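Since the structure is predicted, the reported quantities are computational estimates derived from the model, not experimental observations. All ligand and atom numbering here is 1-based and tracks the order in the structure.
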Amino acid sequence: MSDTIKYLLDEGQIPKTWYNIQADLPKPAPAVLHPGTHQPIGPSDLAPLFPMELIMQEVSTEREIDIPEPVRQVYRQWRPSPLYRARRLEAVLKTPAKIYYKYEGVSPSGSHKPNTAIPQAFYNREAGVKRLVTETGAGQWGSSLAFAGCVFDLAVQVFMVRVSYNQKPYRRALMETYGATCIASPSDQTQSGRAILAQRADHPGSLGIAISEAVEIAAQRDDTKYALGSVLNHVLMHQTIIGQEAMIQMEMAGDFPDVIVGCTGGGSNFAGIVFPFLGAQLRGGRKVRIVAVEPAACPSLTRGQYAYDFGDTAHLTPLTKMHTLGSTFTPPGFHAGGLRYHGMAPLVSHLLELGLIEATAYHQIACFDAGVQFARAEGIVPAPEANHAVRGAINEAIRCREEGKSQTILFNLCGHGHFDMQAYIDYFSGNLKDIKYDEAELAMALAGLPSMKEAA
Ligand SMILES: *Cc1c(COP(=O)(O)O)cnc(C)c1O
């Protein structure tokens with residue numbers, strides 16, 4: 001039996017800056033456009049929703065952005081997070097590959113999400129904001145922002161996608177434990193929610209709908225701002241603390257990844273581990289293969305169109321160019337609720353277009369097969385979302401075995417599955433099904449993409 005090896009850093013090694021990949025892109029990402037005029041938006045267009053510090057981060061091309069000391073203080077509770085060498089998994093797989101994983105499940109809410117929830121709450125508090133409103137899929141973002149609201153004394157209201165609200169009562173209880181209010185979406189509390197319910201009273205909800213509800217509330221109230229847990233540039237940037245730490249830890253291990261694997265919902269944990277390595281490559285460093293893994297039932301990168309689209313269903317947000325399944329697309333209710341978003345982060349989409357990353361999609365049973373194999377070898381039960389990264393990493397390790405290659409694989413284990421055991425119960429009882437999205441609905445959602453005027 002080979003032992004697990006753990007690479008730990010000191011608190012003093014928590015990075016002092018976030019890394020902004022926009023400084024190193026060979027070609028800038030397409031502009032964000034106003035939904036009415038189709039002209040590029042300016043910072044003031046976003047001011048009703050976000051505090052100015054976050055808006056400036058969103059558009060910044062500075063390579064390094066200082067992490068405020070109060071944010072680093074909070075990060076200290078669980079950062080630097082450990083990097084492990086999965087020796088027992090390697091043995092089970094009989095692979096010549098070396099498998100490393102960065103574990104983000106050590107945060108208070110059990111995922112990478114507090115890495116951005118904490119700074120977002122901090123900047124809002126500094127700007128005098130009293131309440132934050134947001135959406136959540138599986139509940140990881142809602143519980144992370146609820147925790148951040150406790151730390152910086154902000155009230156937090158969460159619209160939770162109805163299918164997850166029903167599937168995951170413990171996540172809801174966690175948000176309420178942190179003092180947040182949690183509402184099933186679509187709800188009767190907003191115009192966008194009521195419009196959806198009028199069409200279909202038992203609508204399961206989607207992240208796109210929940211975003212509309214949260215944005216609508218934030219736009220109406222002066223003391224309230226909106227917070228998004230993924231997709232936006234500043235959110236991805238906050239997550240780069242993961243990859244920066246991992247770079248130091250890989251150096252401690254005397255190793256360097258040939259391939260990095262991450263799961264992609266909106267793209268933030270993937271960007272978090274990948275961007276610092278990719279940035280080094282873009283500045284002339286070593287080349288790394290990068291694989292994004294998404295659910296086959298909501299395949300924005302592998303099946304979506306690269307086009308301008310809305311971030312939400314009610315079309316309240318600006319237009320961003322991204323890989324999208326169409327803003328009206330409702331993915332089926334599979335268990336990785338955090339991966340049920342119709343679009344992909346513009347920066348991740350742009351990197352796929354530039355050929356700097358690869359994307360692949362798997363169905364959920366194959367992902368749970370991998371997650372259970374991982375748990376039995378390494379002891380950590382991954383979140384259903386993270387199982388996609390585990391599947392991707394194991395497949396790379398199997399490829400290495402078949403090709404007789406000893407490569408180094410690094411993946412992001414972005415959260416634990418302790419609140420998702422119902423999904424594992426369904427898996428063991430044979431009730432987990434590989435759900436196909438509705439092709440007709442996808443075609444309709446894609447046909448409904450906004451038609452763009454010149455130049456965009
Ligand atoms: C939210 C979440 C995701 C999906 O979001 P990304 O922005 O793509 O990271 C994936 N895994 C876990 C554990 C999550 O909480």
Are [Y] and [X] an aromatic pair, judged by ring center distance below 6.0 Å?
| X | Y | value |
| --- | --- | --- |
| Y84 | Y7 | no |
| F329 | H342 | no |
| Y101 | F411 | yes |

Ligand 1 versus [X]: contacting region, heavy-atom distance under 4.0 Å:
| X | result |
| --- | --- |
| S111 | side chain |
| Q239 | neither |
| L339 | side chain |

Can you name the atoms of ligand 1, numbered from 1 with element, that are less than 4.0 Å from a heavy atom of [X]?
| X | answer |
| --- | --- |
| E385 | 10 (C), 11 (N), 12 (C) |
| G267 | 6 (P), 7 (O), 8 (O) |
| Q140 | 13 (C), 14 (C), 15 (O) |
| S268 | 6 (P), 7 (O), 8 (O), 9 (O) |
| T264 | 8 (O) |
| S230 | 6 (P), 7 (O) |

Query raised in the report: From L93 CG over to R88 CZ, what is the distance, rounded to the nearest 0.5 angstrom?
Result: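 Output value for this atom pair is 13.0 Å.
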
Determine, for [X] against [Y], whether the closest basic-nitrogen to carboxylate-oxygen distance falls under 4.0 angstrom.
| X | Y | answer |
| --- | --- | --- |
| E439 | R303 | yes |
| D24 | R63 | yes |
| K98 | D255 | yes |

Query - Nearest neighbour in protein (non-hydrogen) for atom 14 (C) of ligand 1 - result: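 Nearest protein contact, heavy atoms only, for atom 14 (C) of ligand 1 is K113 NZ, 2.9 Å.
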
Query raised in the report: Is E104 in contact with ligand 1, taking contact as a heavy-atom separation below 4.0 Å?
Result: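 Checking ligand 1 against E104, which is what was asked, there is no heavy-atom contact under 4.0 Å.
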
Query - Single hit among F122, Y19, W18 for ring-ring contact (aromatic ring centres under 6.0 Å, His included) with H238 - result: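 Only one option passes, and that is W18.
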
All N/O donor-acceptor pairs, side-chain side in residues 143-152, below 3.5 Å, sequence neighbours left out:
| from | atom 1 | to | atom 2 | distance (Å) |
| --- | --- | --- | --- | --- |
| S143 | OG | G139 | O | 2.7 |
| S143 | OG | Q140 | O | 3.3 |
| S143 | OG | R171 | NH1 | 2.9 |
| S144 | OG | S109 | OG | 2.8 |
| S144 | OG | Q140 | O | 2.7 |

Query raised in the report: Nearest heavy atom to atom 4 (C) of ligand 1: which of G110, G139, G272, G338 does it belong to?
Result: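 Among G110, G139, G272, G338, the closest heavy atom to atom 4 (C) of ligand 1 comes from G338.
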
Query raised in the report: When only distance counts, is A386 in polar contact with ligand 1, meaning an N/O pair under 3.5 Å?
Result: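 In this structure, A386 places no N or O atom under 3.5 Å from an N or O of ligand 1.
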
Query raised in the report: N/O of G266 under 3.5 Å from N/O of ligand 1, yes or no?
Result: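 By distance alone, the answer is yes.
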
